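Data block below; observations after.
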There are 2 protein chains.
Amino acid sequence: MGWTERVVEHLADEGHRLTGPRRAILEHILRYSAPFTAEELLADLQKAGVQVGRATVYRTLELLHTNQWLGLVHRPEGEHGYVVAEPGHQHHLVCRRCGSVIAFQGCELETLLGGLAERLNFRIEGHWLEAFGVCRTCQMTSAA
Amino acid sequence: MGWTERVVEHLADEGHRLTGPRRAILEHILRYSAPFTAEELLADLQKAGVQVGRATVYRTLELLHTNQWLGLVHRPEGEHGYVVAEPGHQHHLVCRRCGSVIAFQGCELETLLGGLAERLNFRIEGHWLEAFGVCRTCQMTSAA
DNA sequence: ATCTACTTGATATTCTGTATCAAGAACTAT
DNA sequence: ATAGTTCTTGATACAGAATATCAAGTAGAT
């Protein structure tokens with residue numbers, strides 16, 4: 001069972017309807033190999049001849065993000081994009097060349113933050129970690 | 001030597017001019033105890049009777065951010081704000097009640113990411129970690 | 001004092017994201 | 001199948017953030 005099926009099933013369980021626009025958006029999302037924005041998706045959908053409203057794209061992405069089927073990745077430069085994800089806590093490793101994303105868990109991070117929290121009497125409720133660099137493929141295909 | 005002096009000295013070294021607007025902005029920045037946005041700063045400056053253009057505020061903040069005298073903090077909800085920082089790698093702990101920010105180093109994080117990078121053959125060039133929760137003061141001043 | 005290059009700021013403009021609300025569908029129950 | 005209820009959609013308008021432009025102004029060097 002792929003990502004799309006899992007999303008569809010989950011949304012149905014939550015009482016959301018599976019509409020045409022939502023189907024189209026789900027399909028298109030899987031074509032991205034790098035983080036994408038709502039505007040990019042909208043443009044791509046229209047370019048592909050899919051008739052969808054701007055509001056619907058924003059709303060659907062927000063719905064997926066809320067349910068953790070999409071993660072949010074911030075680039076150092078400031079922009080942020082969505083990436084396909086699975087529910088549950090995870091972090092991302094983003095290639096700054098090709099944009100590919102690798103998800104990972106960071107259990108040891110809890111320890112680090114736990115110690116910090118104790119020392120400062122700060123009650124940590126969540127964190128956000130993201131790493132960027134050059135993926136294996138990109139390292140091989142070009143120098144430096 | 002305080003933050004402002006260090007910034008002024010650094011900018012001078014880099015060949016930047018110390019203008020009235022820049023002085024005013026530097027002074028105002030220190031008044032914030034929580035992350036602030038360009039628009040907020042602009043409004044506060046005008047409220048204080050300081051005559052500065054919008055573009056100048058944006059440009060100056062970008063200049064400071066580029067030189068790492070300002071850090072960028074992203075809240076889980078999506079907005080992001082600037083916080084006073086020092087050049088060099090550091091992370092932030094943000095209180096979601098009062099917005100106060102504590103900077104910290106995360107040396108052990110290097111280990112975690114190093115192992116990950118090796119396993120995946122991913123060359124990590126940088127990372128970004130931010131934690132949020134409730135600071136000591138806010139824990140004391142209200143329940144839950 | 002003078003000069004040059006960096007800065008500024010008013011304006012216009014682009015772009016992102018949201019509010020509105022009538023029309024249109026998906027799912028349910030019959 | 002059909003009807004009905006409620007969720008969704010999308011065109012439009014709108015609000016807000018951020019940038020481009022470029023003449024006028026000024027900091028710092030000589």
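Lettering of chains follows the sequences in order, A, B, ..., and the numbering in each one begins at 1. None of the values given here were measured: they were computed from a predicted structure.
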Looking at [X] and [N], is any side-chain donor or acceptor paired with a base atom of the opposite kind under 3.5 Å?
{"X": "B:Arg17", "N": "C:dA5", "answer": "yes"}
{"X": "A:Arg59", "N": "C:dG17", "answer": "no"}
{"X": "B:Arg22", "N": "C:dT7", "answer": "no"}

Evaluate the ring planes of [X] and [Y], with Trp represented by its six-membered ring, and classify them as parallel (under 30°), tilted (30 to 60°) or perpendicular (over 60°).
{"X": "A:Trp128", "Y": "B:Trp128", "value": "perpendicular"}
{"X": "B:His91", "Y": "B:Phe104", "value": "tilted"}
{"X": "B:Trp69", "Y": "B:Trp3", "value": "perpendicular"}
{"X": "A:Phe36", "Y": "A:Tyr82", "value": "tilted"}

Are any of B:Thr19's side-chain N or O atoms less than 4.0 Å away from OP1 or OP2 of C:dT7? no

For D:dT8, take OP1 and OP2 only and decide whether either is under 4.0 Å from a side-chain N or O of A:His16. yes

By nearest atom, which of the nucleotides D:dG10, C:dG17, C:dT8 is closest to the A:Thr56 side chain? D:dG10

Measure from the side-chain heavy atoms of A:Gln51 and tell me the nearest of C:dG9, D:dA11, C:dG17. D:dA11

Return the value, rounded to whole Å, for the distance between atom CZ of A:Arg54 and atom P of D:dA15. 16 Å

Stepwise side chain to side chain donor-acceptor pair (under 3.5 Å) check, A:His74 with A:His92: CA-CA 10 Å; A:His74 295 240; A:His92 297 100; over 6 Å; no

Relative orientation of the end axes in the helix from C:dA1-D:dT30 to C:dT30-D:dA1, expressed as an angle to the nearest 10° (five pairs per end): 40°

